[in-house]
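The structure presented is a predicted model; accordingly, all values stated were derived computationally and were not measured. Numbered from 1 within each chain, the chains take letters A, B, ... in sequence-line order.
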2 protein chains.
Amino acid sequence: MKGMVLVMDGMGDRPIKELNNQTPLQAAKTPNMDKMAERGITGIMDSIAPGVIPGSDTAHLSILGYDPYEVYTGRGPFEASGVGVEVIPGDIAFRCNFSTSDENGIITDRRAGRVREGTDKLVETLNTMKIEGYEDIQIIFKESTGHRAVLVLRGEGLSGKVSDADPKVEGNKPKEVVPLDDTPEAQKTADILNKVVPKTYEMIKDHPVNLERIENGEPPANIVIPRGAGAVPSVPSINEKYGVNSACIAETGLIMGIGRFAGMDIIEMEDVTGGVDTNLYNIRDTILDQVKNSDHDFFLINIDGADEAGHDGDTQAKVDFLEKVDEIVMSELLKLEDVYIFLTADHCTPISVLNHSGDPVPILINGPEVRVDDVTEYHEYATAKGGLCRIRGADVMNIMIDLMGYGHKFGA
Amino acid sequence: MKGMVLVMDGMGDRPIKELNNQTPLQAAKTPNMDKMAERGITGIMDSIAPGVIPGSDTAHLSILGYDPYEVYTGRGPFEASGVGVEVIPGDIAFRCNFSTSDENGIITDRRAGRVREGTDKLVETLNTMKIEGYEDIQIIFKESTGHRAVLVLRGEGLSGKVSDADPKVEGNKPKEVVPLDDTPEAQKTADILNKVVPKTYEMIKDHPVNLERIENGEPPANIVIPRGAGAVPSVPSINEKYGVNSACIAETGLIMGIGRFAGMDIIEMEDVTGGVDTNLYNIRDTILDQVKNSDHDFFLINIDGADEAGHDGDTQAKVDFLEKVDEIVMSELLKLEDVYIFLTADHCTPISVLNHSGDPVPILINGPEVRVDDVTEYHEYATAKGGLCRIRGADVMNIMIDLMGYGHKFGA
């Protein structure tokens, strides 16, 4: 038996007046999802706990069986993993901005004019950095989209308990990084950071990329400002923990980062945007190919468009996207045999909130041995009456592994 | 008010094709259980947590209000308690096999030809054992069924963190026991074990029981091989914890062991087998006698037959047994007044799995002050729509004690 958890990012919602007090999922015509509800067992799920507002990252961690309160040490490690840095336990990772500093050290643009190109070349230079007195510490930069980047410190005796260098408001110098506890590790890490930040300025202020930007009248990306420190936790991979051979099929770096953190194989897709304009045919074909032709037996799949529509407050876009997913993707998944399919969301992104909320999300399970309930529609209201009642994200992997037949009895 | 938790071991199941996709409990004619559902409040329960596959032991611990992840230190302590050793906190207990060793120390039969008789006499001899240098350590053997036995080490400075002596595969010597952490306690315990194992051979190789076995061409039960070490945890009894006077009515050593661990009085029954052929009249009469005529006010009752049928994959036997329980036992329990009855299972033993699964089990509560819901049948599907929704084993005692009126307000 194979298994997949298909997460429709941000799919859940609240009643919307213009939809006659229906949710987008309720209003959308989704005959294939409804068919799956009819054939399966349904319920509602709190990714973390009732009312707790999950991030996509913490929700996915929880759904994969990790306690986010334990492993989510900060955004740094997951951002770093998301942009492809192979982080290892003990690494200290930071989110960074390329910013613009004047010669007095004042940050004049926190996003360096939203620089879009050349940061990879700046990173090449920055990655030769060594800090005097800390030559044993490896300093790894990696560019992300736009002005974003990550920084990873690797070596002995470091700590994630340090403050941000980001001054938040332009017109200020970078903040002095201070230790957030009184360990020598935090002191050491703060000390390194306070040397790294000015050093980035020294190393890239006259870099050809920046000289060209200045010539074009653009603010140079001449300093890197870290924030969101976190120590990379040591966790067992999904494969070790559950005895599966797992793969992650996702559109965004954030979710790929979670997959990488969990030790899953990352399946790359072309032409996917993470928005409502993504290529759902490619996503569908990737899923089908993986399920039918690969050795992977467990899949985490994330489709991101509904979340984008929610953040944008675009009701019609959310309805349309869910209908497209139903028509293009679910119509084919419906035909798979010998696969346990969990269809759910990581969190709600209500149109009215323009952000995530703590409402539960719908969930259904299809597969040969589930206790089929009498729910025949797939949406927030209908599934609340289903046979799963109300479960949590932390339950998902246990239920999946039990159904797949990979479970181990605890006791006699 | 009195209260009883009646656990139908392994009763829950999954839909079965030959039963027209019903579960055995759903297919079985159980008018008395249905009547109780109609009169009561119903729901589904995860003994430990959704998807977690419980043993009967860990499930019962959880239902009695103990956290199995905390108190279940290994099978040894519960096996020992189950065969009647009055273990005390700090004891280190092991499951053992009587095995056959040749004169070179090679294990030629791990189960000593599945020896059935005489192990009680071997244990008498073994219980005189003293280990040089560890004279203060009490060494207690106790025979169980067949080739099985337990070993308990009692004394200061011992640890349950030691490896198994069991070589698992015949043709090998017993394994050297090693400490599993670097405490002096684990070192000491391993050292003792490594002296106990060869000593069992010395003490019983020429025992009359074994000489007779050899004469009959049977492999002698001439060595004892321990495994599954666990330290007996220190826990409050059910009576201390909840202010009840409790009794355990069970068929099997495993559940009696849990009852003994929880400080319950153990009510012995005659003619009960733990199988589908058990004497349900005796079980019923014991329950009725205890409820009506004893000072006990709280009962844990376990009836084991449905679990056996599940492990055997015998659908009809499971259906028939549940019908017999309904007819013989539930018909009378139905008439009891002033008793809160919780009817549930410890776990599912689905016919298709031939073992336990992580699916939730049905639960109902009968008694004067429950909020009666509109569920009128007692099975996995119907009760999922009940007024209890989905609860956990850890909730059972709190709900029971509250209903019995023994609860204490937490706060003001």
Colleague: Compare every heavy atom of B/Ala306 with every heavy atom of B/Leu322, then report the nearest pair and how far apart it is.
Modeller: CD2-CB, 4.2 Å

Colleague: Nearest heavy-atom pair of A/Met264 and A/Ser246: which atoms, and what distance?
Modeller: CG-OG, 3.4 Å

Colleague: Short of 3.5 Å, which donor-acceptor contacts do chain A and chain B share? List atoms and distances.
Modeller:
from	atom 1	to	atom 2	distance (Å)
A/Glu369	OE1	B/Arg14	NH1	2.9
A/Glu369	OE1	B/Ser352	OG	2.9
A/Glu369	OE2	B/Ser352	OG	2.9
A/Arg371	NE	B/Asp13	O	3.1
A/Arg371	NH1	B/Pro360	O	2.9
A/Arg371	NH2	B/Asp13	O	2.9
A/Arg371	NH2	B/Pro360	O	3.0
A/Asp374	OD2	B/Lys385	NZ	2.5
A/Leu388	O	B/Arg390	NH1	2.8
A/Asp402	OD1	B/Gly358	N	3.0
A/Asp402	OD2	B/Arg14	NH2	3.2
A/Asp402	OD2	B/Gly358	N	2.8
A/Lys409	NZ	B/Asn355	OD1	3.0
A/Phe410	N	B/Ile53	O	2.9
A/Phe410	O	B/Gly55	N	2.8
A/Phe410	O	B/Thr58	OG1	2.6
A/Ala412	N	B/Asp57	OD1	2.8
A/Ala412	N	B/Asp57	OD2	3.1
A/Ala412	O	B/Ser56	N	2.6

Colleague: Under 4.5 Å from any heavy atom of chain B, what part of A/Ile41 do you find: side chain, backbone, both or neither?
Modeller: neither

Colleague: Looking at every non-hydrogen atom in both residues, tell me the closest pair between B/Ala345 and B/Met45 and how far apart they are.
Modeller: O-CE, 3.5 Å

Colleague: Less than 4.5 Å to any heavy atom of chain A: does that hold for the side chain of B/Leu61, its backbone, both, or neither?
Modeller: neither

Colleague: With a 4.5 angstrom heavy-atom cut-off, which part of A/Ile401 approaches chain B: side chain, backbone, both or neither?
Modeller: neither

Colleague: Does any backbone or side-chain atom of B/Ile16 lie under 4.5 Å from a heavy atom of chain A? Answer side chain, backbone, both or neither.
Modeller: neither

Colleague: Examine whether an atom of B/Pro350 lies under 4.5 Å from a heavy atom of chain A, and if so say whether it belongs to the side chain, the backbone or both; otherwise answer neither.
Modeller: neither

Colleague: Flag the one option from B/Cys389, B/Pro360, B/Ala384 with the top tally of heavy-atom pairs under 4.5 Å to chain A.
Modeller: B/Pro360

Colleague: Could I get the full list of side chain to side chain contact (heavy atoms under 4.5 Å, CB included) partners for B/Ala93, not counting sequence neighbours?
Modeller: B/Pro77, B/Ala80, B/Val152

Colleague: For residues B/Gly65 and B/Met397, report the shortest heavy-atom separation together with the two atoms involved.
Modeller: N-CG, 4.1 Å

Colleague: If I compare all heavy atoms of B/Leu151 with all of B/Cys96, which pair ends up nearest, and what's the gap?
Modeller: CB-SG, 3.5 Å

Colleague: Between chain B and each of A/Val396, A/Ile391, A/Leu388, count heavy-atom pairs under 4.5 Å; write down the option with the most.
Modeller: A/Leu388

Colleague: How would you list, by chain and number, every residue that makes a side chain to side chain donor-acceptor pair (under 3.5 Å) with A/Lys335, sequence neighbours excluded?
Modeller: A/Glu332

Colleague: Do A/Leu300 and A/Ile249 come within less than 4.5 Å of each other through their side chains, counting heavy atoms only?
Modeller: no

Colleague: Distance check, rounded to the nearest 0.5 Å: A/Asn245 atom CG versus A/Ser294 atom OG?
Modeller: 7.5 Å

